[in-house]
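Hydrogens, waters and symmetry mates play no part in the numbers below; they use all other heavy atoms, side chains included. Here the structure is a predicted model, which means the values were calculated and not measured.
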Amino acid sequence: MNDANIFQYLLLSNDKNITKAQVKTMASKISYLNTDEIITAIYDAAQELNINPFYIIGKILQEQGSNGSVMCAGKGYKGQYVGYYNLFNVGSSGQGEANVILNGLSYAKKQGWNTPKKSIIGGIGLVKSYINRGQDTLYYQKFNVTYSPYYVNQYAQNLFDSQSIASTLKSAYKDANLLDGSFTFE
């Protein structure tokens with residue numbers, strides 16, 4: 001345990017102390033998130049769904065990487081699914097890269113995610129189901145020890161998912177000068 005890993009246990013319910021300007025500061029470090037449309041979408045989704053906006057950015061960064069992917073570009077894949085976005089990679093599975101991307105973009109089309117905002121609200125809305133079940137921390141989403149049957153409804157295959165996003169969260173709070181504030185860890 002260290003000062004970054006502890007953020008695996010931060011409650012992900014919305015931190016009302018985070019301003020839209022602070023969301024913009026964090027998002028500005030990631031080129032594909034640094035647009036007014038996406039910053040507003042992240043902030044609005046956080047307010048609407050009562051989820052920490054830094055968590056939303058961390059989750060997108062975990063799914064899309066620091067340079068983004070075809071899933072967040074709206075350019076489709078080999079001429080298919082142009083104009084659709086899937087920032088959380090929902091439904092992205094299958095054999096081989098092309099199949100994974102096409103399945104994710106197909107899912108986005110079925111959901112009507114034809115803007116980054118719709119993808120953010122739709123994708124984070126699915127994550128909200130974890131919070132509603134008591135999995136209100138990164139750790140509990142990765143390792144369900146909160147309700148029976150245990151060890152099901154676990155988010156992400158990446159064993160270090162919660163640790164990686166926790167580091168991003170800690171950095172975001174530091175950059176926003178909020179580390180001296182109060183936090184609720186569970």
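Ring to ring, F7 and Y173 are close: their centroids are under 6.0 angstrom apart.
Checking N67 against S31 by side-chain atom types alone, no donor-acceptor pair falls below 3.5 Å. In the model, N86 has no side-chain atom that pairs as donor or acceptor with a side-chain atom of E63 under 3.5 Å. K24 and T19 form no side-chain donor-acceptor contact under 3.5 Å, judged by distance and modelled atom types alone. A side-chain donor from one of S164 and Q62 sits under 3.5 Å from a side-chain acceptor of the other.
Ring geometry for Y81 versus Y84: interplanar angle over 60°, hence perpendicular rather than tilted (30 to 60°).
Here the OH-CG distance, from Y139 to N5, works out to 11.5 Å after rounding to the nearest 0.5 Å. One finds the OH atom of Y85 at 12.0 Å from the CD atom of Q64 (value rounded to the nearest 0.5 Å).
Counted within 6.0 Å of CG on D36, heavy atoms from surrounding residues, nucleotides or ligands total 12 or fewer; the atom is thus considered open.
N103 places a side-chain N or O within 3.5 Å of a backbone atom of S93 that can act as its donor or acceptor partner.
A salt bridge links D161 with K59; the closest basic N to acidic carboxylate O contact falls under 4.0 Å.
When the ring pair (Phe, Tyr, Trp, His ring centres under 6.0 Å) test is applied to Y107, the partners found at least two apart in sequence or on another chain are W113.
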